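Below is one structure, written out as structure tokens; the observations come after it.
The structure presented is a predicted model; accordingly, all values stated were derived computationally and were not measured. FYI, side chains are in, hydrogens and waters are out, and symmetry mates aren't considered; it's all heavy atoms of this structure. Just so we're on the same page: letters track the sequence lines, and every chain starts at 1.
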Amino acid sequence: MTFRIAEVIVDVAAYPVDRPFDYLVPEQMQSLIECGSRVKVPFGPRNVLGFVVGLKEDTDVPIDKIKEVTKLIDIEPVLTTEMLQLAKWLKNKTICFEIDALQVMLPSALRAKYEKMVTLQTDIENLPIDLQEHFKKSGRVNYKVFEKLHLLQTLKMAISHKLLAVEYVVKQQGNVKEIRKVKIADDANQLNEISAQISNRAKKQKLLVEWLIQHVGKVMDPETILTETNSSMAVLQAVIDLGAAKFVHQEVYRDPFTKEVKKTTSLHLTDEQTVALEKITSSMENKQPETFLLHGVTGSGKTEVYLQAIQQCLNDDKEAIVLVPEISLTPQMTERFRSRFGELVAVMHSGLSVGEKYDEWRKVHEGKVKVVVGARSAIFAPFDNVGLIILDEEHESTYKQEDSPRYHARDVAIWRSEYHNCPVLLGSATPSLESYARAQKNVYTLLTLKQRALKQSLPTVEIVDMREELKSGNRSMFSEKLVESIRIRLDKKEQIVLFLNRRGYSSFVLCRDCGTVVQCENCDISLTYHRSNEKLKCHYCGYEQHVPRECPQCQSDHIRFFGTGTQKVEEEILKLFPEARVLRMDVDTTRQKGAHEKLLESFGEGHADILLGTQMIAKGLDFPNITLVGVLSADTSLHLPDYRAAEKTFQLLTQVGGRAGRSALPGEVVIQSYTPEHYAIELSKEQHYEPFYQLEMTMRHQAGYPPYYYLALIQVSHEDLMMAAEYAQKSVDYLRSNLSFNVSIIGPTVAGISRLQNRYRYQCLIKYKIEPKLIPTLMQLIKLYRSDWIKKGIILTIDLDPSTI
DNA sequence: AGCACGCCGACT
DNA sequence: GTCGGCGTGCTC
């Protein structure tokens with residue numbers, strides 16, 4: 001069946017073009033073009049990339065308006081029909097442009113880049129003098145050249161006289177990496193002839209050809225040939241010129257794995273693990289789109305359950321997707337998958353280069369792998385026979401994308417599970433309240449692992465009241481208890497992890513005379529001191545400045561930095577324990593690619609005694625020699641203005657606690673706090689999830705937060721304060737008059753960060769239980785914004801189920 | 001988005 | 001008179 005008309009979503013993210021456009025398919029393309037293919041199409045005056053989302057016989061578009069598809073970019077479509085459907089669902093669910101939903105499913109290498117080029121339409125002599133020189137080398141020159149040299153007027157003239165024309169070139173990366181190999185001629189006789197021709201003086205060439213005769217027709221690495229025959233490149237080139245062999249190019253995948261891994265086999269399961277696994281596999285057999293919540297204490301062996309469930313899935317000849325929160329942080333995790341499933345695993349995460357990401361994607365697309373382990377976006381892995389989807393550390397907020405499309409990987413996972421009739425497995429030691437509540441209501445099936453896999457007891461946890469320390473005259477950031485515990489481990493040559501819950505607590509610069517805190521020029525946020533380059537930096541917009549010598553407000557020179565950054569802690573440790581080897585892990589030491597892996601590996605091999613870091617070390621670390629975990633200040637995340645503050649604190653403390661005593665050696669955890677009586681801190685002591693859940697649910701119920709209510713967050717920003725406030729109010733008025741009475745609309749209020757990148761920010765929060773009118777109303781609001789407010793410089797964003805407010 | 005078209009003010 | 005300011009409207 002062939003179709004003449006293609007429906008195309010063009011690569012332009014704008015409200016009026018957020019719909020399919022019809023194009024004629026040239027005859028020679030008709031048998032090749034498919035839904036999900038990328039095409040190049042003329043759009044207005046330019047050429048853009050687009051996705052074919054439909055094919056049909058006829059169109060209502062008048063014949064004089066319709067244009068032809070210029071080029072079919074892919075022989076194999078890059079998106080399946082599943083993905084096209086999913087994009088439509090995402091568009092509705094998250095209120096985004098369809099093109100954004102489509103793009104997010106593909107590696108960035110497949111995204112187009114556009115260039116405006118000027119082409120010569122006549123003899124070069126006819127051009128104005130100052131333009132001539134630019135076209136000497138080539139008849140096509142980048143438009144930017146003229147822009148920079150302020151030649152636009154002359155250019156415009158030349159264009160209107162048809163001497164030059166503007167062309168829009170679609171460029172796309174998607175470069176396949178090739179390596180150069182040597183293909184030796186197939187014909188031995190021919191090689192003998194060549195050998196005979198070579199002058200006797202060219203001994204090396206002769207020897208090489210003799211050697212090549214032994215390997216007729218083979219394709220080999222140039223390096224191998226050179227070392228085997230002890231020749232140089234010049235010699236090889238010479239015989240290639242004679243026709244004895246030729247260079248060929250072979251497609252390869254870039255290999256992001258630096259380390260070889262040993263093959264492992266299934267471990268013996270505990271009774272609890274066996275029960276969980278059986279439930280999952282039977283659901284797989286029944287082809288049920290069932291969602292499981294695997295609640296297992298830290299160290300209970302959730303990963304082994306994943307691995308064996310995946311094994312089952314592979315046995316059924318189906319594929320599995322495993323999501324891990326920002327995977328580059330847990331190389332140990334990926335290693336476990338690679339060691340079990342070897343070459344069948346692709347890994348996708350932000351630490352890979354564009355090319356590496358593309359290659360991992362291609363492995364999936366071409367069916368070379370059966371398992372994907374990756375961060376959030378791996379949920380779009382283009383498998384077509386998914387048998388199991390796993391989200392590890394289900395409660396992590398990184399599963400929610402913070403810009404358009406603002407999707408939650410869990411929602412996409414459940415959508416895909418319904419499409420493929422397969423189970424979803426959510427795993428966590430500290431499930432999100434939403435998920436646990438759903439499990440309580442039997443929307444999800446709860447599976448519980450109460451015991452640690454190796455029957456180790458949970459670490460002993462001690463909570464130190466820092467107020468008492470202060471009263472007894474200890475003003476350092478280490479309690480006596482912690483100092484003592486560290487000393488014991490150092491003596492015993494056991495390892496220590498110190499955890500600095502740094503959020504909202506980083507070093508800032510403060511004037512001791514007037515109390516001024518140095519703030520960012522563009523945002524209402526204090527700047528963070530970075531020791532490595534002696535600069536102050538804004539973590540939100542990237543603004544940098546030197547550390548001021550005097551206070552910008554009162555010119556006093558009593559200005560210095562405060563707070564507890566990891567660097568500061570490191571200094572303090574070294575003062576107390578000069579002999580300790582400290583490994584610091586923070587943004588500064590892990591910026592380089594692969595730095596995480598290296599630091600962790602070095603710690604695992606015992607090259608340091610103390611690992612010091614922020615959130616990033618809370619997860620996944622699994623080293624047998626760690627017996628002490630210290631949390632320097634448990635409260636910092638507790639006082640954030642976010643309804644999830646208690647939940648996040650509980651999760652964090654439970655996670656870090658789980659790092660200690662994972663093998664035979666018993667573990668100890670010391671938690672320092674200024675509010676030790678808070679339930680989130682107290683209950684994390686024994687990993688008492690259930691009572692925490694009950695208490696926190698009561699709080700959420702009282703305050704009207706999820707899981708009792710759904711949230712939608714509307715943000716309005718503008719360079720002018722009054723404009724931002726005015727339009728925020730307009731939004732609220734609009735919502736109030738269109739939504740039901742039982743929906744509560746809070747705001748407009750000033751956003752948490754009231755000014756960001758020179759824009760004033762207001763927000764409004766919608767709380768609702770069931771509101772069928774919500775999506776249509778928000779759609780109307782966004783229509784209003786996109787068709788009118790946007791011109792006035794307003795930026796409005798809608799976040800359904802925001803992860804933070 | 002990005003561009004063309006078109007209608008009004010201040011300049012060679 | 002014309003150059004160029006940016007409001008308006010369109011893109012198969």
Side-chain angles (χ1 to χ4, degrees), chain A residues 3-27 29-30 33 35-73 84 91 95-104 108 111-119 128 142-144 146-147 150-162 164-172 403-405 718-720 723 782-797:
Chain A
F3 298 98
R4 313 169 31 241
I5 306 291
E7 294 182 307
V8 176
I9 298 283
V10 291
D11 182 13
V12 179
Y15 168 67
V17 293
D18 187 28
R19 61 182 176 87
F21 283 81
D22 289 355
Y23 284 88
L24 272 174
V25 182
E27 218 163 299
M29 247 182 244
Q30 284 180 5
I33 202 162
C35 287
S37 299
R38 287 179 306 157
V39 286
K40 199 167 106 177
V41 290
F43 191 67
R46 10 174 218 162
N47 286 310
V48 294
L49 195 110
F51 293 90
V52 178
V53 294
L55 290 164
K56 55 187 183 182
E57 290 282 4
D58 262 310
T59 176
D60 300 331
V61 179
I63 195 80
D64 56 320
K65 274 188 125 180
I66 199 158
K67 293 180 185 170
E68 269 197 350
V69 173
T70 316
K71 195 181 166 193
L72 177 64
I73 296 175
L84 297 178
K91 175 181 178 177
I95 312 187
C96 68
F97 297 122
E98 194 163 342
I99 188 69
D100 286 337
L102 292 168
Q103 302 267 32
V104 80
S108 55
R111 256 166 246 172
K113 281 187 177 163
Y114 299 96
E115 252 164 56
K116 206 171 161 182
M117 304 293 274
V118 182
T119 51
N142 200 319
Y143 187 84
K144 278 188 201 151
F146 306 101
E147 225 166 20
H150 306 289
L151 285 170
L152 290 186
Q153 268 99 341
T154 351
L155 189 70
K156 216 173 171 183
M157 283 289 284
I159 291 167
S160 65
H161 288 108
K162 305 240 190 291
L164 295 171
V166 175
E167 200 183 346
Y168 298 85
V169 181
V170 182
K171 284 199 169 171
Q172 59 118 16
D403 42 53
S404 176
H718 196 276
E719 286 179 3
D720 179 70
M723 282 291 280
I782 207 142
K783 201 169 172 180
L784 203 61
Y785 152 67
R786 284 169 181 169
S787 59
D788 186 24
W789 302 3
I790 197 166
K791 292 174 198 152
K792 302 190 167 73
I794 294 283
I795 293 179
L796 182 142
T797 60

In B/S/- notation (B base, S sugar-phosphate only, - none; protein heavy atoms under 4.0 Å), nucleotides 1-6 of chain B written 5' to 3' is BSS---
Could you state the CD-C1' distance from A:Glu7 to C:dC12, rounded to the nearest angstrom? 11 Å
Stem list for DNA chain C, please, built from Watson-Crick and G-U wobble pairs under 3.5 Å and keeping only runs of at least 3. B:1-11 with C:1-11
Rounding to an integer number of Å, can you tell me how far A:Ile66 CD1 sits from C:dC12 C1'? 6 Å
Rounded off to whole Å, could you give me the OH-to-P distance for the A:Tyr23 and C:dT11 pair? 10 Å
Please produce a list of atom pairs where a protein N or O lies less than 3.5 Å from an N or O of nucleotides 2-9 of chain C.
from, atom 1, to, atom 2, distance (Å)
C:dG4, OP1, A:Gln153, NE2, 3.3

Using a 4.0 Å heavy-atom cut-off, does A:Arg786 contact any base of the nucleic acid, only the sugar-phosphate backbone, or nothing at all? nothing
Partners passing salt bridge (Lys or Arg N to Asp or Glu O under 4.0 Å) against A:Arg4 (at least two apart in sequence or in another chain): A:Asp58
Measure from CG on A:Asp18 to C1' on C:dT11 and round the result to the nearest Å. 14 Å
Run the side-chain donor-acceptor check on residues 47-56 of chain A: report pairs under 3.5 Å with partners two or more places apart or on a different chain.
from, atom 1, to, atom 2, distance (Å)
A:Asn47, ND2, A:Tyr168, O, 3.0
A:Lys56, NZ, A:Glu7, OE2, 3.2
A:Lys56, NZ, A:Asp22, OD1, 3.4
A:Lys56, NZ, A:Asp22, OD2, 3.0

Got a sec, which residues hit side-chain contact (heavy atoms from CB on, under 4.5 Å) with A:Lys71, two or more places apart in sequence or on another chain? A:Lys40
side-chain hydrogen bond (donor to acceptor under 3.5 Å, both in side chains) involving A:Thr119 - partner list, sequence neighbours excluded: A:Gln121
Atom pairs and distances, donor-acceptor, side-chain atoms in residues 60-67 of chain A, under 3.5 Å, two or more places apart:
from, atom 1, to, atom 2, distance (Å)
A:Lys67, NZ, A:Gly44, O, 3.3

Atom pair distance, as rounded to whole Å: CD1 in A:Ile9 and C1' in C:dC12: 12 Å
Contacts of type salt bridge (Lys or Arg N to Asp or Glu O under 4.0 Å), residue A:Glu115, not counting sequence neighbours: A:Lys171
Partners of A:Asp18 by salt bridge (Lys or Arg N to Asp or Glu O under 4.0 Å), sequence neighbours excluded? A:Lys91
Measuring from atom CZ of A:Phe97 to atom CZ of A:Arg786, what distance do you get when rounded to the nearest 0.5 angstrom? 3.5 Å
Sequence neighbours excluded, the answer for side-chain contact (heavy atoms from CB on, under 4.5 Å) partners of A:Arg19 is A:Phe21
Quick one: is C:dC12 close enough that its OP1 or OP2 comes under 4.0 Å of any side-chain N or O from A:Lys65? no
Can you name the residues that form a side-chain hydrogen bond (donor to acceptor under 3.5 Å, both in side chains) with A:Tyr143, not counting sequence neighbours? none
Any chance you could measure A:Thr797, atom OG1, to A:Ile782, atom CD1, to the nearest 0.5 Å? 8.0 Å
From NZ of A:Lys67 over to P of C:dT11, roughly how many Å is that when rounded to an integer? 9 Å
